[in-house]
Every structure is written in structure tokens, then in C-alpha cells.
Amino acid sequence: MRYHPPRAAAVFAVVFAVSTVPAFGQVSLHSIVDEGAADLTGSEVAGLGDVDGDGRADFAIGSGGVSHAGRIEVRSGVDASLLHFFLGPASGDVMSRVAGPGDVDGDGVPDVLAGAPSNDHHGDAAGSARVHSGATGALVVVLYGDAAGDSFGSAVAGVGDVDQDGFRDFAVAASGDDDGGDQAGSVRVFSGQTGAALFTLHGSSAFASFGCSIDGAGDVDGDGVDDLVIGECHGNAGGGNSGRVAIHSGAGGALLRSFAGAPADQLGQSVAGAGDVDQDGHADVIAGAILADVNGPTSGAVNVFSGKDGSTLFLLPGAGPDDRLGWRVTGGFDFDGDGRLDVGASSPYADAGGGEVGMARVWSGVDGSILQSVLGESSLADFGAALAFTGDLDGDGRSDMVVGEPRFQTATFDRGRVRVFVGLPASCPNLPGSLDFSHDGVPDACQVCQPDLTGEGPGNMKLKVCGDALTTAGSVARLAVSNGTPGVPVFLLAALTNQPTELLGGTVLPWPDPAVVAATLDGSGRFLIDVAGGAGVPVKVYVQAVAPWPGGPFEAELSGATAVTIGT
């Protein structure tokens, strides 16, 4: 047969042009893999607001490796490009805790708050915290723990303008602080304007780990001042290792509400401000109880508590035993675009789809129904070790979600990965059984998929083109070959006409005179490429994939054929 006839080749080049700018409404997924071995990228993640002034929210990534100094990266929400880069000041600092405190220095640009709990400036593991300018990356303020073992910086959070001076303030936890008892823990709130301590709160008992998680809670008590929520994950208020969650007033630190877990629940492993989920005029809070037995032993659970009266708005259990749901929780954003704030949580231990593949899940703030479930792709990669709603990165009016996977398995062990998943409308749930041929975290039924013309061959290698309809300027879809043999070459065939021809145990439609592009299937037997459409005269292009089939009954296997209608 003849390869690359001029017209077919020209159209084929149009079809397989790699898109660099996603169209409005197109799936926007960023996947960031770190550059060095054992960097543990994605140990922590945070939404920051619009740092670079382009009208889109941006986000931060914390890495616990880099020779254990730690590293913070600030990434563009539009294209995930690197905006700022901060290394821990010394080896062993583990500067990976990160939060978006808002505009601390008053220059109109959101800033970055980082914690390094192993910093030794004031003694072994006394800890430190730093605020960096979002505008320039310059160091705004640096703070240190009081004494060795404090682990100051073990958790960090923005808490709003609690002293009402026009500057955003922030909180830093020292989960190993002994002032309230051996490793009782403490949380200190600092002025964004001066860096001075406004007040300090202490754990309830020895070894309680008060401050193992903290977040701004919004205005819970209705006094016009933002409050804060604190996790005490090893407290004994409800029995041994029950854990406790405390809401404290931003106006001086008084205790507003306290919630105790059941014995061994470890409530408070993670906490987050939820915003006003039930729309009663009071901010609500979210807390994870990773060892709760709600849906089997240590299934874990997520609690959404009313700020108004302390009642439980939702109790969201893990899917099954040992899931430990609630490792991280997030809230305060509208994920499905219905005008109500939603709830997110994750667990790196979830077994759905395989042993400890990890999971991130989003629930509706209206009724607690599941909006999206995203699973990790390999066991023990810690997918879901970090989680945050980010605000709207892709310009579709819905908040998106960033998930850390610090032990992602690449050619170099534990390089780490961070993935961003787009917000979905409520009519488009992404559950574990949803078909996702393009592996972008969005079920393909929620997008436009080009029609299949034939079934797959005996090996069931698949080819799908899903995303935007490709007949408007700026449209983008993704071609995904999947279920092939990892590491083998794959040949994409395309032509402007089709003529079914028996070959290699299946039917090849792009015929005669197909154009051919060669690629390689990755370690999961996939090849992904973006397809850019146009506003010109639509052309129908027939596409099919063929690849070697080691150990199969034929030398090669075929995908089904697809007809792609594309504007030239």
C-alpha cells in the first residue's frame, strides 16, 4: 500500500496537531511530574487565588523531598507553568506545608504561606514558617518555633482579616509544642501587617497533637470576624484517640464549638472551612475522621458540621473497610456550578479499583450526593495524600480540584505527581464505573465522543476521540488509544475514505491510501494526543490504530475505527 498521499497527510496533520490552549468548556487537566528522584511532589497542595493577574485562579504544590529541604512551587491555573519556586533554607527542613493566606502584604496580590516543621533555627525540629510575596516571590516574613521539638509549621492556613486592619492574617500550628502538656500542640495566629502574634491557643492534653490540621473557618458566630477551625487528631475528649475539632473565634481566640469523635476515630486528622453550605448565614466546617468505623472497620468518614448550632449536616462514609476517608478535606467552592458550596475529601488508602490506589471524591453541598470520584492509577502511589479546591482554573465558572500523588511510580521511584481535575455539572457524575477512555478524570459521556464505526479486534485495544466537537475555532478533543500492550509501537491510520478490508484478524477502515503516524504505548498500554479543530469546511477523517500483539493469536491487534468530523 502507499503511505502519506498528499491530501490525506495534510488533513492528518490537522487532525493530530497538539493543542496548547484549551477551548472554553474543554476539559482542562494539568499533570505535573517532578524532576528528581524521591522529591515527593504533591505532599501538599493549595489554592492561592489569582497570583499572576490573568483572571484565573492559581495553585501551589509542596514537595517533601529535594534532599528533604522541601520545596514550594506556584503554578499557573491556565497552563500549569511555573510562576515561583521556593526551596527550604536548609537540608532537613521539609518545607512542604503550604496554604493560600490571601493578600498578606497589602499589594493586591495573593501571597504564599509555607511551613517547615523540621527547621532547626531555634533547636532541633523547632520549625519555621515563611510568607512569600505572590507578586515577586520575595520573602515577606519568617517566623520560628519557640523550642526544640515544637514542629512549628506542621500546618499552616490563612484565617482572614481577624484583627480588622485591612490585611489578611494567618495561623501556624506547632503540633509538638509542650506548653499545654507533652506534645499537646499549639496554634498561633499572626498579623499579616506586622507579623506579630495576635493570640496563641493550646491543646487540651498531653500528646493531643492540637494543630495537626488548621484552616480558616469564615464567620461562624456571625460577629463579622472570620474564625478558625483546628484539628486535635489524638485528643481523648471522646475516649482514647477519639480526636477533636475546635472552632475558635478570630476575635481573640475564644472557643466557640468543640466536636469530639468516638473512641479511636481520630477526628480532626484534617479540617477545612466549608463556607455556608446550608445557607443559614453562618459558615460551616468539614472534618475528617480517618479511623471511624461508619462503613466497616477504619472506613473513615467526613463530617460537615453546622456553624450555627453544631449539628451534623452530612456524615459521608468511606466506601469500605480500611479506606480511611478524610485524610484530607476541602470546601468553600462550588464544584458543580449549581450555586451551592460543595465538599471534597480524599484518602491515599482507598482500595477501589485495586490495592490502595487512592481516591478523591466530591459531594454536593445540597444533598450529600456524590458528584465525582477520581481513582489513582497504581497501588501505593499515595493518590489523595493532598487535596484542595482551587477556584476556577479553566474559565468555565466552576471550581476545579488539585490532587497530590507524592509516591507516583515513574522510571525514577517516588518522583511524585500532581493532577488537576475540572469541576463537573451535577448532571455529569463521575463514578468509579464511568467510562473514561481519555484518562482525564471526566467520564466521556459528559463530552462529545466521535462515533465508533466498528468494534475492537480480539485484543480489545480501544481508540476514542472525546472532548469538544471539532468544527469550531479553538476546539480541542483528545484521542486516546488504550488497553494495548505496554511499551509496544502503535500505528495510527487515517484516511479521507474508508473501505472495510479484512486484515490481521479485524477490519481496517482507513483505506485505501492511509496516512500513518507511529507512536509508542506507555506503561499502561495507552497513547494520548490532543486533536485541534477549526472553523473551516468540515471533513470526515477515518481513524484506526494497529499495534503488535506479543503473545496474542495474531501478530497485531486493531482498535475499532472512528469517524472524526473536523473543521479544517
Side-chain angles (χ1 to χ4, degrees), residues 43-44 64 96-97 99 115 117 125 127 149-157 171-188 201-217 228-248 255 257-274 285-294 297-305 312 315-318 322-331 344-349 382 384-388:
S43 300
E44 300 288 345
S96 61
R97 277 61 166 179
D150 275 2
S151 295
F152 181 78
S154 55
V156 294
V172 181
S175 59
D177 188 352
D178 296 335
D179 290 353
D182 193 14
Q183 297 182 42
S186 68
V187 172
R188 188 165 292 169
L201 306 168
H202 295 285
S204 61
S205 61
F207 305 106
S209 297
F210 183 74
C212 63
S213 58
I214 53 175
D215 198 20
L228 64 155
V229 57
I230 303 172
E232 187 180 63
C233 50
H234 297 299
N236 298 321
N241 204 32
S242 62
R244 182 176 72 101
V245 172
I247 302 175
H248 286 265
L255 181 64
R257 297 197 181 281
S258 182
F259 309 93
D265 272 5
Q266 208 165 307
L267 178 69
Q269 165 69 28
S270 56
V271 295
V285 299
I286 310 168
I290 62 170
L291 299 183
D293 296 337
V294 176
T298 66
S299 62
V302 174
N303 300 265
V304 183
F305 295 113
T312 299
L315 178 61
L316 308 169
D322 300 321
D323 266 10
R324 301 188 191 183
L325 182 70
W327 188 263
R328 289 291 186 269
V329 295
T330 186
S346 66
S347 169
Y349 298 96
D382 282 0
L387 173 78

For [X] and [Y], work out which heavy atoms get closest and say how close.
| X | Y | answer |
| --- | --- | --- |
| Ser43 | Ala386 | O-CB, 3.5 Å |
| Gly261 | Leu267 | N-CD2, 3.6 Å |
| Gly268 | Ser213 | O-OG, 2.7 Å |
| Ala99 | Ala157 | CB-CA, 3.8 Å |
| Ala345 | Leu325 | CB-CD1, 4.2 Å |
| Gly153 | Pro117 | O-CD, 3.7 Å |

Reported [atom1]-to-[atom2] distance for the pair [X] and [Y], which is rounded to 0.5 angstrom:
| X | Y | atom1 | atom2 | value |
| --- | --- | --- | --- | --- |
| Gln269 | Ser209 | CD | OG | 9.5 Å |
| Ser204 | Asn236 | OG | CG | 7.5 Å |
| Arg328 | Ser347 | CZ | OG | 11.0 Å |

Could you work out, with side-chain contact (heavy atoms from CB on, under 4.5 Å) as the rule, every residue matching [X], not counting sequence neighbours?
| X | answer |
| --- | --- |
| Asp178 | Asp182, Gln183 |
| Ser186 | Ala174, Asp177, Thr200, His202 |
| Asp322 | Thr298 |
| Ala155 | Ala173, Ile214 |

Residues in side chain to side chain donor-acceptor pair (under 3.5 Å) with His248, at least two apart?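 Expected list: none.
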Suppose we screen for side chain to side chain donor-acceptor pair (under 3.5 Å). Which residues come up paired with Ser154, at least two apart in sequence or across chains?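 By the side chain to side chain donor-acceptor pair (under 3.5 Å) rule, Ser154 matches Ser175.
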Could you check Ile230 against Val271 for side chain to side chain contact (heavy atoms under 4.5 Å, CB included), going step by step and ending with a plain yes or no? CA-CA 7 Å; Ile230 303 172; Val271 295; 6.0 Å; no
With a 4.5 Å cut-off on side-chain heavy atoms, are Phe259 and Ile247 touching?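 Yes; the side chains approach each other to less than 4.5 Å.
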Do Gln266 and Asn241 come within less than 4.5 Å of each other through their side chains, counting heavy atoms only?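 In short, these two side chains touch, coming nearer than 4.5 Å.
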I'd like to check the salt bridge (charged side-chain N to carboxylate O under 4.0 Å, His left out) partners of Asp265; sequence neighbours left out, ordered by chain and number.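 With sequence neighbours excluded, Asp265 shows a salt bridge (charged side-chain N to carboxylate O under 4.0 Å, His left out) to no residue whatsoever.
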Listed partners of Arg97 passing salt bridge (charged side-chain N to carboxylate O under 4.0 Å, His left out), at least two apart: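 For Arg97, no residue satisfies salt bridge (charged side-chain N to carboxylate O under 4.0 Å, His left out) once neighbours in sequence are set aside.
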For the pair Ser346 (side chain) and Leu387 (backbone), establish whether a donor and an acceptor sit closer than 3.5 Å, ignoring hydrogens and angles.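 Side chain of Ser346 to backbone of Leu387: no pair is present.
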Within residues 228-242 or reaching into it, pairs that qualify as salt bridge (Lys or Arg N to Asp or Glu O under 4.0 Å) - sequence neighbours excluded: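 Qualifying pairs: Glu232-Arg244.
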Worked check of side chain to side chain contact (heavy atoms under 4.5 Å, CB included) between Val329 and Asp215: CA-CA 10 Å; Val329 295; Asp215 198 20; over 6 Å; no
Check the pair Val245, Asn303 against side chain to side chain contact (heavy atoms under 4.5 Å, CB included), reporting the backbone distance first and the verdict last. CA-CA 10 Å; Val245 172; Asn303 300 265; over 6 Å; no
Using 30° and 60° as the class limits, which term best fits the ring planes of Trp327 and Tyr349: parallel, tilted or perpendicular?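 Taking Tyr349 first and then Trp327, their aromatic rings stand perpendicular (interplane angle over 60°).
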